[in-house]
Amino acid sequence: QLQASGGGLVQAGGSLRLSCAAVERAFSTLTTGWFRRPPGKEREFVAAITWSGGSTYYADSVKGRFTISRDNAKNTVYLQMNSLKPDDTAVYYCAASPTAWSREGNDYDYWGQGTKVTVSS
């Protein structure tokens, strides 16, 4: 079970850090991704990180502004979001997969409940 947190209301240009925590120790062995669903739009890939943290992947729209990282000792994955834009407004979900990373949400087996991020202009 994944628990996402850290969302909130922030002004454009501001920052937020999202957290995705799990109870199961096996989480540290899983590829973990962040996805988001903007209002009225389809879910989209944001970022992913391999189980070791050795490789990270980003959507073009967030590259250079967002950073995904993980602390396996704490069983937690983070998404640091800087220079936020109104277009970043969405419900953010973390997801985990026992296989190689993917941009496709259907490739992830475990999902958190989502945390809402609202960026005002």
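The structure displayed is predicted, hence computed values, not measured ones.
- In this structure, the side chain of Arg103 does not engage the main chain of Ala48 through any donor-acceptor pair within 3.5 Å.
- For Gln3, there are no side chain to side chain donor-acceptor pair (under 3.5 Å) partners at least two apart in sequence or on another chain.
- Grouped with Tyr78 in a hydrophobic cluster is no other residue, since no side-chain heavy-atom contact under 4.5 Å to another Ile, Leu, Val, Met, Phe, Trp or Tyr is found.
- Annotation: side chain to side chain contact (heavy atoms under 4.5 Å, CB included) contacts of Ser15 (sequence neighbours excluded): Gln80, Asn82.
- Apart from Val10 itself, the hydrophobic cluster it occupies contains Leu2, Leu16, Leu18, Phe27, Leu30, Trp34, Val46, Ile49, Tyr58, Val62, Phe66, Ile68, Val77, Leu79, Met81, Leu84, Tyr92, Tyr110, Val117, Val119, where clustering links Ile, Leu, Val, Met, Phe, Trp and Tyr at side-chain heavy-atom distances under 4.5 Å.
- More than 12 heavy atoms of other residues, nucleotides or ligands shown are found within 6.0 angstrom of CD on Gln113.
- The list of salt bridge (Lys or Arg N to Asp or Glu O under 4.0 Å) pairs with a residue in residues 45-55, not counting sequence neighbours, is empty.
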Kindly list each side-chain donor-acceptor pair under 3.5 angstrom involving residues 94-102, sequence neighbours excluded, with atom names and distances?
unit_1, atom_1, unit_2, atom_2, d
Ser97, OG, Thr99, N, 3.1
Ser97, OG, Thr99, OG1, 2.8
Ser97, OG, Asp107, O, 3.2
Ser102, OG, Glu104, N, 2.9
Ser102, OG, Asp107, OD2, 2.6

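- Applying the disulfide bond (SG atoms under 2.5 Å apart) test to pairs two or more places apart or on separate chains, none has a residue in residues 33-67.
- Residue pairs that meet the salt bridge (Lys or Arg N to Asp or Glu O under 4.0 Å) test with at least one member in residues 11-26, sequence neighbours left out, do not exist here.
- By the side chain to side chain donor-acceptor pair (under 3.5 Å) test, Asp60 pairs with Lys63, sequence neighbours left out.
- For Thr29, the side chain to side chain contact (heavy atoms under 4.5 Å, CB included) partners two or more places apart in sequence, or in a different chain, are Ala26.
- Not a single side chain to side chain donor-acceptor pair (under 3.5 Å) links Asp71 to another residue, sequence neighbours left out.
- Taking the six-membered ring wherever Trp is involved, the centroid distance between the rings of Phe45 and Tyr57 does not fall below 6.0 Å.
- Between the side chain of Thr115 and the backbone N or O of Gly7, at least one donor-acceptor pair lies under 3.5 Å.
- Every residue was checked against the side chain to side chain donor-acceptor pair (under 3.5 Å) condition with Asp87, not counting sequence neighbours, and none meets it.
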